[in-house]
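First comes the structure, then the notes that go with it.
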Amino acid sequence: MMGNSVIWKLLWSVFMANLELSSCADFFSDSSLIGKSRFQDDTPKFVKEPDDSYYIIRAKPAIVECQAINSVRINFRCAGEWMEPTHMENIVDQQTSTKILSAKVTVERADVEEYFGGVFWCECFAYNTHSGLDGVGGIQSKRGTIENAYLRRRFEREPLMTRTEVTKTTQLQCLPPEGKPLPQVFWLKDNVEINTKDGNYIVSNTGDLLISQTQLRDMGNYTCGAKNIAAKRTSMSAPLIVYVNGSWSSWSSWTECSVKCGKGETKRMRTCTNPAPLNGGALCLGDSVQTNPCGSICPEKGVDGNWGAWSSWSTCSTECRHHRKRSCNDPPTQNGGSYCIGNDLDGGNCTGGMCRVRRLGIDDADRGLVGHDPSREATNTSSNNDTLIMIIGLCIAVVVFVIVIAIVVFLLKRKYQNQGYLAGNIPNLGNTGEKKNKNGQDMMSVQPDLTQQVVIFPHHSASPSPSVDPPNNNYPPVENIYDKPDVGLPLYAEHRLSNGSVPNRSSPELPPPNSPLAMNLAPPSVPNLDGRHSMASVQLPVNAETEAVTWGSFNHSGGRLVLPESGVCMTIPEGAVKKGHEAELYLGVWRDDTNRPKMSDGQTIVSPVIVCGPNLPGILMKPVILSFHHCASMRQGGWMLSLYHSDTQPEEPPCWQKSVTLGQETINTQVYAQLDPNQCHVMTEHMQWYTLIGEAVPGGRPVKILRLAAFATNTHPSVDFSIRVYVVEDTHDALEGVMQEERKFGGRLLEKPKQIPFQDGGHNLCLTIEELTPGWRSKLAANYQEIPFQHIWSGNQNNLHCSFSLELVEGSSPSVSCKIQVYQKAILSNRQVLNIQNNFSKEKLPSCSTPSSTLKGRTSTVTTNSSSGFSSMLTLDPHGNNFRLPSHIRQKLCLLLDQPNARGNDWRMLAQALTVDRYVQYFATKNSPTEHILNLWEARHREESAVTDLMNIFRVMGRMDAAAVMEKDIGAWL
């Protein structure tokens, strides 16, 4: 027993020594390679996972590689089957001295072709032990797909021969063959690849070639090509023929008459060379020669003239001369005959040489100097000398006057300098009681002319607000000028988004430019912190209205800015702001007349003036959508509408330029304007001023929809009562502007605003007041007023209205009722009636409400105080989401519809179904046309059934896969 115990102890000691030696070797080995303690986390971690996709090119297999740390074994599972690595090795990272296990597996073409479970895939498993079951105790990598790369030979659509007119946009169609991976489209012209960096050539998302302005040099044979890693294909070549239509040159001058007398003709010519027809272009229409008859009556045979008899001699003159004459009348010259030869006047001495009166004069007469009077010559010389002396004296007087003025100015300037009045410190000597309007023009404090037919209500761009005025405001109160619509108050207001406060002043007198008050009100310069665009660095114009501006901070997720009372919205799509950044954007409506475009005759503004910003480069990665109402009646047609913009800063007056005329877009047009019956949606990457201007097409008579609103004071009148009828554009913002003006002075809406069509053509708008309550009468001589056509059609004046002043002639009537007929001259169908009912005996009614109660289809709103200090209106989304489609649904739809197919039921059919295909090239030039179409759909369709309607559109298109994507998650987000 004793011997056995000794043997067991000896074996146990040997075993423990070997175990400790092995442990120490492993410890030092692992410490030198891994560089960390064995007691730290040794869970395997992948440093390289399979790629998203692999392609097998012909006989070249795909190699899937995985790398992991803290791992001693890696194996692969491909298409559900376990595969051993074809190659595995240990490598060491030279920078971190970390041991990395790398494993590779080879996938052959046959492996992929024999798999019928869909797309062939592979994934890796890493373990920290040498033994164990596959997939148990290891970590799993992401999957990578393996497909056979190919590119078919047949193009789905090849380019065809195309004829296009010079300077027009040309589209050459091409749909590449099916392939994996998706082929890249390129174009050849005369077997030379086209450089698409040239702005004149654009390859659309579908593969079509767009030529912006086709020139003669663009003629040639065009070939569509497609290539991927598997192959490269080219289509059949198609010629592009650029033709030039002929045009007439200017008319030449009329030629001389073909005959001297009698009937002839004169003609002028032109040639079809400006330019001449080329490549089958159309010939010039019309005549190349114009003729006109000419000529005169031919006379009879000419008769030469002959002198008649001499007349008798005249009496003898003081110069001893007498004369006689004769005429060429025996016979006279006729029909172009020759005139008589010789003199018709004869003279001689009448005294036979015995005249002694004035010998010198006689001799002078003999020499042909009859009539020379020395005394008259002396008189003329004296007169000329007097004139010269007078001119010299006048010049001397002018010089002396100028010298005296210069001396006086010098002395006055020296006097003021001695008294300390420098040029920049001369006090304001103007009349402090003088009133000025908002444009700086002098105005007289006089009572308005009640007989005036058209009255322009003054538009005050800012008003004092208790929320923004400082507590110690010593400015005198503003006088209620409701009954004086023609008297303006000067305003000194500046709105600056800074530190949550907005300075706002209203005073009857502007402070001097260099006074301490003006210097304190000057906007301070705010630096741009952390490179992020801040609203503190944006200064809005002085005529900004607090109720018509809103802003917010947006990140990569996007959102919406809404002014519901103005009917204006800006949709910021997801991804418009760069990921990891924030952008503070603002949206406003400017109602000041000075900000409106100066339009020519026939043009009219049909939308509010919108401004969004800030206008800084690189702030947006995708277009935003501006949505606003317009008042152009699209039912009658006849409109040519243009979008105007101004890229000036908000504190500067806008400089309007035409962005695009709807229907005349080119591939270089940077905005897309979608015109709906009542709204306009503008997709743009430029934050600027925008407005919509219309005019008649040749021969058209467009119709503009106006809105009539009647207001009166909310007090019981003694003997006078005034009714104001506003005529404004039928937009939410125009009516909101009227409401705000009337609300300031206690006005009350007498009748629900009504629409009236107003047609182009020059006919004025007439207003008559009828069926007045007994005891009341109009102060005007006639119950009739007229607003000139141009005042309404131009749209350059906000808050245009007429006033009917009534007076009580007998009794004490507790109410006023009447009818106001409004119609357009010569167009009986354009008529509207306002029924006015006003009872003063009832309790005093509240002032005019917001347009929400007067217009249909308005959204619910809530008033909140934004971080910048303005009181802004925000839309309440019933579902709490800015967008109807979640991000993951949108991405799946883009993957399905962006790729064009031969059936055409891709994004192009979606644009057609959503009626946004008027200028489909705009979407074709984008990386993801479907995404931009859905962004526009989000802005246009805010109704409850929008998502269901979109799903039905996909079904009608035959895209059940797209409809299934929406139906799959419908319970989670619809």
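- Taking all atoms of both residues into account, the shortest heavy-atom contact from Ile619 to Pro614 is CD1-CG, 3.7 Å.
- With a 4.5 Å cut-off on side-chain heavy atoms, Tyr922 and Met683 count as touching.
- Scanning both residues, Ile229 and Pro181, for their nearest heavy atoms gives CG1-CD, 3.7 Å.
- Side-chain contact between Val92 and Thr98 is absent, with no heavy-atom pair separated by less than 4.5 Å.
- Taking the side chain as every heavy atom from C-beta outward, Pro44 and Ile69 never approach each other to under 4.5 Å.
- Atom CG of residue Leu620 and atom NE2 of residue His686 lie 9.5 Å apart, to the nearest 0.5 angstrom.
- Under the side-chain hydrogen bond (donor to acceptor under 3.5 Å, both in side chains) rule, Asp208 has a single partner from Gln171, Arg157, Gln921, which is Gln171.
- Within the 4.5 Å cutoff, the side chain of Tyr54 has heavy atoms near those of the Val64 side chain.
- Counting non-hydrogen atoms of neighbouring residues, nucleotides and ligands closer than 6.0 angstrom, the CD atom of Glu89 exceeds 12 such neighbours.
- When every heavy atom of Ala226 is checked against every heavy atom of Pro176, the shortest pair comes out as CB-CB, 3.8 Å.
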Intermediate values then yes/no, side chain to side chain contact (heavy atoms under 4.5 Å, CB included), Arg560 and Cys569: CA-CA 7 Å; Arg560 301 175 73 237; Cys569 170; 3.2 Å; yes
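- Using a distance-only test at 3.5 Å, with no hydrogens or angles considered, a donor-acceptor pair links the side chain of Ser235 to the main chain of Cys224.
- Both the sub-6.0 Å distance and the 45° axial angle are not jointly satisfied by Arg959 relative to the ring of Phe954.
- Considering every non-hydrogen atom in both Phe76 and Cys124, the closest pair reads CE2-SG, 3.1 Å.
- Shown here is Lys142, whose NZ atom has more than 12 heavy atoms of other residues, nucleotides or ligands within 6.0 Å.
- A distance of 5.0 Å separates CD1 of Ile933 from CG of Leu910, quoted to the nearest 0.5 Å.
- No side-chain heavy atom of Pro61 sits under 4.5 Å from any side-chain heavy atom of Val107.
- For the atom pair Glu943 CD and Arg940 CZ, the distance stands at 9.5 Å (nearest 0.5 Å).
- Here the CD1-CG distance, from Ile572 to Asn935, works out to 11.5 Å after rounding to the nearest 0.5 Å.
- The heavy-atom pair separating Asn901 from Asp906 by the smallest distance is N-OD2, 3.1 Å.
- One finds the CD atom of Gln184 at 10.5 Å from the NZ atom of Lys232 (value rounded to the nearest 0.5 Å).
- A cation-pi arrangement is absent between Lys48 and Phe46, since the terminal nitrogen or guanidinium carbon is not both under 6.0 Å from the aromatic centre and inside a 45° cone about the axis.
- Relative to the ring axis of Phe923, Arg908 does not place its NZ or CZ within 45° and under 6.0 Å from the centre.
- There is no side-chain donor-acceptor pair under 3.5 Å between Glu574 and Ser557.
- Residues Arg153 and Glu178 are not paired through a salt bridge, judged by the lack of any N-O separation under 4.0 Å between the basic side chain and the carboxylate.
- Under the 4.5 Å side-chain criterion, counting only non-hydrogen atoms from C-beta, Tyr150 is not in contact with Asn228.
- Here the CG atom belonging to Leu210 is positioned 9.0 Å from the OG atom belonging to Ser212, to the nearest 0.5 angstrom.
- A cation-pi arrangement is absent between Lys180 and Tyr55 under the rule of less than 6.0 angstrom and at most 45 degrees off the ring axis.
- Listed here is the closest heavy atom pair of Leu151 and Lys227: CD2-CA, 4.1 Å.
- In this structure, Ser71 contributes its side chain and Arg73 its backbone to a donor-acceptor pair below 3.5 Å.
- Only one option out of Glu113, Arg109, Glu108 pairs with Asp111 in a side chain to side chain contact (heavy atoms under 4.5 Å, CB included); it is Glu108.
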Test side chain to side chain contact (heavy atoms under 4.5 Å, CB included) applied to Val105 and Ile63, step by step: CA-CA 6 Å; Val105 67; Ile63 299 176; over 6 Å; no
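- Of the possible polar contacts, one joining the Thr86 side chain to the Lys104 backbone as a donor-acceptor pair under 3.5 Å is found.
- Arg903 CZ: 12 or fewer foreign heavy atoms inside a 6.0 Å radius.
- With respect to the salt-bridge test (charged N to carboxylate O, under 4.0 angstrom), the residues Arg77 and Glu123 qualify.
- Between the side chain of Arg884 and the backbone N or O of Arg942 there is at least one donor-acceptor pair closer than 3.5 Å.
- In this model, a donor atom of one side chain and an acceptor atom of the other lie less than 3.5 Å apart for Thr223 and Ser237.
- Within a 6.0 Å radius of CG in Asn195, more than 12 heavy atoms belonging to other residues, nucleotides or ligands are found.
- Residues Leu626 and His681 have side chains not in contact (no heavy-atom distance under 4.5 Å, counting atoms from C-beta outward).
- Ion pairing between Arg143 and Asp52 fails under the 4.0 Å rule for side-chain N and carboxylate O.
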Verdict with supporting geometry, Glu65 and Ser102, side chain to side chain donor-acceptor pair (under 3.5 Å): CA-CA 7 Å; Glu65 181 181 7; Ser102 174; 3.1 Å; yes
Intermediate values then yes/no, side chain to side chain donor-acceptor pair (under 3.5 Å), Asp898 and Ser928: CA-CA 6 Å; Asp898 278 345; Ser928 177; 2.7 Å; yes
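- The side-chain heavy atoms of Cys612 and Met570, taken from C-beta on, include a pair separated by under 4.5 Å.
- The aromatic rings of Tyr672 and Tyr919 lie parallel to each other, with less than 30° between the two planes, well short of the 60° mark.
- Aromatic pair Trp82/Phe125: centroids less than 6.0 angstrom apart.
- No option in Ile194, Leu188, Thr162 other than Ile194 meets the side chain to side chain contact (heavy atoms under 4.5 Å, CB included) test with Tyr222.
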Residue pair Thr196, Trp187: steps toward the side chain to side chain contact (heavy atoms under 4.5 Å, CB included) verdict: CA-CA 9 Å; Thr196 55; Trp187 282 84; over 6 Å; no
Derivation of the side chain to side chain contact (heavy atoms under 4.5 Å, CB included) call for Asn221 and Lys189: CA-CA 6 Å; Asn221 294 320; Lys189 177 193 173 189; over 6 Å; no
